[in-house]
Amino acid sequence: MSLPKTLAEDVARNLVMVARLIDEDPEQAYAYSRIALRLASRVAAVREAAGFAAYATQKYSEALAEFRASRRMTGSVDLWPVMADCERGLGRPERAMAMAGEPEVQKLDKAGQVEMRLVAAGARRDMGQIDAAIVTLQSPELASSAVHSWTPRLRYAYADALLEAGREDEAREWFGKALEADKDGATDASDRLAELDGVEFVDALGEDDEPAGAPAEADEQDGPDADADVEDADDEEDDEDDEDQDDEDDDVQGDDVDGSTKA
């Protein structure tokens, strides 16, 4: 569907903001997606963006509705895995498992099939079927030494499932493999390995230490007590001045007395 130029530009600006903010500020991305949706609800790309924004904010029912609308418009199966994951988010893992067995899965590319496998394994875990989840993740893609965009997440999910099943040594091995493939830091495999090895991360600075270059805190002498000390010192100086003045007055009076006697 084509849009008038001005309207198309407005929609594009909002979609750009959705893409820019969806990771760091999902709620704001969602707000922009709603604007784009009001402007062009019959554009498949807008419905898809709105779906991902809703998904990022855990509005799974809304996300699923948008993904379905986009799929009706395009006929594409690309959104099938995330649609199944929305079913999981809605507490319906059985539906996600049913979707994993549909013919649409065979039409997905390799990345989409791996994503569907991850969703299916997650659904198995939701249902308390941890051993079945492990088996679901075992695949040629997992065994392959080649590294793809989905490799770190697949290895990580397998390690996490092994750990839940109490197979700690195997889990450590697969967290290590996930870390090797994770050049972009998509997972926290390094932290999970550290936890398994009993490593605790602590702040290098103590509570009373200051980082280098940090502005020094004001000395205690610069606080309210210091002001009180200054005031006390001023009072002492005033007292001394009063005493000196009294001595001078006494001297003057003495001179007056002596003068009158002599006279």
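Being a predicted model, the structure only gives us computed values, none of them experimental.
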Participant: Testing Asp160, Asp197, Asp182 for salt bridge (Lys or Arg N to Asp or Glu O under 4.0 Å) with Arg192, which one passes?
Facilitator: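 It is Asp160; the other options fail the test.
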Participant: Are side-chain heavy atoms of Leu179 and Tyr156 found at a separation under 4.5 Å?
Facilitator: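 Counting from C-beta outward, Leu179 and Tyr156 never come under 4.5 Å.
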Participant: With a 4.5 Å limit on heavy-atom distance, are the side chains of Ile130 and Arg124 in contact?
Facilitator: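 The answer is no, as the side chains (C-beta and beyond) never meet within the 4.5 Å cut-off.
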Participant: Name the orientation class of the two ring planes belonging to His148 and Trp150 (parallel below 30°, tilted from 30 to 60°, perpendicular beyond 60°).
Facilitator: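 Judged by the thresholds at 30° and 60°, the geometry between His148 and Trp150 is parallel.
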Participant: More than 12 foreign heavy atoms under 6.0 Å from OH of Tyr32: is that the case here?
Facilitator: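 Count not over threshold, so no.
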Participant: Do Asp85 and Tyr60 have side-chain heavy atoms sitting under 4.5 Å apart?
Facilitator: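 No, every pair of side-chain atoms sits at 4.5 Å or beyond.
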Participant: Side-chain contact, heavy-atom cut-off 4.5 Å: Asp169 with Arg172?
Facilitator: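 Side-chain contact under 4.5 Å: yes.
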Participant: Would Leu64 end up clustered with Phe52 when hydrophobic side chains under 4.5 Å apart are linked, directly or stepwise?
Facilitator: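 Result: yes, single cluster for both.
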Participant: Could you walk me through whether Asp78 and Glu48 satisfy the side chain to side chain contact (heavy atoms under 4.5 Å, CB included) test, starting with their C-alpha distance in whole Å, then the side-chain angles of each, then the deciding distance to 0.1 Å, before giving a yes or no?
Facilitator: CA-CA 11 Å; Asp78 291 347; Glu48 180 177 333; over 6 Å; no
Participant: Should Glu27 and Asp25 count as side-chain neighbours, where that means a heavy-atom distance under 4.5 Å?
Facilitator: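 Yes, their side chains come closer than 4.5 Å.
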Participant: Do the side chains of Leu21 and Tyr30 join up, straight or via other hydrophobic residues, at under 4.5 Å, putting them in one cluster?
Facilitator: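 Unlinked, Leu21 and Tyr30 end up in two clusters.
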Participant: Check whether any side-chain heavy atom of Glu87 sits under 4.5 Å from a side-chain heavy atom of Pro93, and report yes or no.
Facilitator: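 In short, these two side chains do not touch, never coming nearer than 4.5 Å.
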Participant: Does some side-chain heavy atom of Arg153 sit less than 4.5 Å from a side-chain heavy atom of Glu115?
Facilitator: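 Contact flag for Glu115/Arg153 side chains = yes.
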Participant: Using a strict 4.0 Å threshold on nitrogen-to-oxygen distance, state whether Glu104 and Arg71 make a salt bridge.
Facilitator: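 Yes, charged N to carboxylate O under 4.0 Å.
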Participant: Side-chain contact test, heavy atoms from C-beta onward, threshold under 4.5 Å: evaluate it for Met116 versus Val119 and give yes or no.
Facilitator: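 The answer is yes, as the side chains (C-beta and beyond) meet within the 4.5 Å cut-off.
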Participant: The test is salt bridge (charged side-chain N to carboxylate O under 4.0 Å, His left out); show your working for Glu62 and Lys59 and say whether it passes.
Facilitator: CA-CA 6 Å; Glu62 185 176 323; Lys59 298 177 176 65; over 6 Å; no
Participant: Is there a path of hydrophobic side-chain contacts, each under 4.5 Å between heavy atoms of I/L/V/M/F/W/Y residues, joining Tyr55 to Leu108?
Facilitator: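 Yes, same cluster.
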